[in-house]
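All remarks here apply to the structure that follows.
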Amino acid sequence: MTTTDTPSAIASTGYRLRLPGPTEVPERVRQAMARVMVNHRGPECRTAIGEAEEMIRPILGTTNRILFFASSGTGVMEAALVNVAGPGHRILVVEHGQFGERFTTIAKAMNITVDTVAIEWGQAIDVAAVEARLREHAYRAVVVVHNESSTGIVADLAALGALVRDRPTLLIADSVSGLGGIAMRQDEWGVDIVVSASQKALMCPPGLALASVSAKAWRVIGQDEQRSAFYWDFRRALKSAEQNETAFTAPVSLIYGLREALTMMHEEGFANVLARHKKLSAALRAGGAALGLADFCRDEPRSNTVVVFKVPDGLEGGAIVRQLYQDHRTVIAGARNRLSGRVIRFGTMGALSAGTILTDLLHLEDALTKFGLPIEPGAGLKAATEYLAATA
Ligand SMILES: *Cc1c(COP(=O)(O)O)cnc(C)c1O
């Protein structure tokens, strides 16, 4: 262990976790997770699971039972597919970034036949193109990433839901980086399976994932004999969820953490949580623009939970990321895909205040100035504070 890995060293350096996940975990959530370990099938854990479920339903906009899994987000992406499709079935993946491509990779690994609607990264999804494909095939599912963390574009789930409503096709959405920070109205929009995970806008450490499954999806799951899942079998998970349990050992501490995070979100008022994400992400974009950083997105709707800036010509994204960490212990993301070196990404989700994004802009200005960009001192802060004042 190097000295910078010790807890006190991390705290004393002012470590700022500003990734689009995992995100900062509030002290209240950390304390809730430090409770004594209990029986994962005892009353304490069942109460926690039941309360977490009750509090997350309005955030999902659903009355479905919620299935919890010990897993990262990718696990429930795979689970969503394996429960509704297998070899011989055909699905349509709307790819508008790295995580959409992951869905295609997962489906191919499961020998599902995959068609894709490839959207240019940074542009809005093409609903008409999806509709055209739906007229050609009776797809098992349309699969899409709600909030593309690699580009900062949000998919219009309401429009996609309307397309599948009167068809046998299901709509599956990954809202790992959206849920809790941007609106999700699963039942109203007709999203059949929503999957998400703990470490993004839900303000928890990584390791807890969830799925919310519609009645229409349950009918498909119930009739499907080709399923090759065991751990991920939603039918077994549902039986346990009905007892406020998980099929296999629950990640008890993470459940406690999620319950606390959801309590905080409801104390703030979920409408206020959404408004705060919208306002602070827009303020960060305004500040970035004043520093000469263009938004990677060329379309609406833009994400309120992740801000993706184009790296100015002549600079390399990784160098900015390293400089921010080295000088300020501010941890942001670059890209690990075709955009590598060309974008930098800030999480704007979870425990985020105006002070957070103003500090980001202060550190960003310092780094960009060191790289020789001609920046008016304080330009980013000025633009962001003006934006915040105007939208107060
Ligand atoms: C973070 C993320 C995931 C999940 O990634 P894991 O590393 O498996 O937790 C999935 N989809 C999106 C859109 C994400 O942002």
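These numbers come from a predicted model, not from an experiment. One-based numbering, in listed order, for ligands and for the atoms of each.
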| Taking only residues at least two apart or on different chains, which pairs with a member in residues 100-146 satisfy ring pair (Phe, Tyr, Trp, His ring centres under 6.0 Å)? |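 Those involving residues 100-146 are His137-Tyr139.
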| task | Please collect all ring pair (Phe, Tyr, Trp, His ring centres under 6.0 Å) contacts where either partner lies in residues 350-382, sequence neighbours excluded, each pair once. | result |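 Counting only pairs at least two positions apart or across chains, the ring pair (Phe, Tyr, Trp, His ring centres under 6.0 Å) contacts touching residues 350-382 are His328-His363.
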Within 45 degrees of the axis of the six-membered ring of [Y] and under 6.0 Å from its centre: does [X] put its NZ or CZ there?
X	Y	value
Arg35	Tyr256	yes
Arg329	Tyr325	yes
Arg345	Phe296	no
Lys278	Tyr387	no

Give the numbers and elements of all ligand 1 atoms closer than 4.0 Å to a heavy atom of [X].
X	answer
Arg102	5 (O)
Val145	13 (C)
Met77	10 (C)
Ser177	13 (C), 15 (O)
Thr74	4 (C), 5 (O), 6 (P), 8 (O)

| said: Counting only heavy atoms from other residues, nucleotides and ligands, does the tally under 6.0 Å from NZ of Lys239 exceed 12? | reply: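 Count not over threshold, so no.
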Taking the non-hydrogen atoms of [X], is any one of them nearer than 4.0 angstrom to ligand 1?
X	answer
Glu148	no
Asn147	yes
His146	no

| message | Between Asp295 and Lys310, does any side-chain N to carboxylate O distance fall below 4.0 Å? | response |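 Not counted as a salt bridge, because no side-chain N and carboxylate O are separated by less than 4.0 Å.
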| field | Pick from Gly347, Ser72, Gly75: the one approaching atom 7 (O) of ligand 1 most closely through a non-hydrogen atom | value | Ser72
| task | Just need the protein heavy atom nearest to atom 15 (O) of ligand 1, so name the residue and atom and give the distance. | result |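 Looking at atom 15 (O) of ligand 1, the protein heavy atom closest to it is Ser149 OG, 2.4 Å.
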| said: Can you report which non-hydrogen protein atom sits closest to atom 11 (N) of ligand 1, along with the distance? | reply: Asp174 OD2, 2.5 Å
| message | Can you confirm, on distance only, whether ligand 1 has an N/O atom lying under 3.5 Å from any N/O atom belonging to Gly73? | response | yes
| message | Please check whether Gln199 reaches ligand 1 - meaning an N/O of the residue sits under 3.5 Å from an N/O of the ligand, judged on distance alone. | response | yes
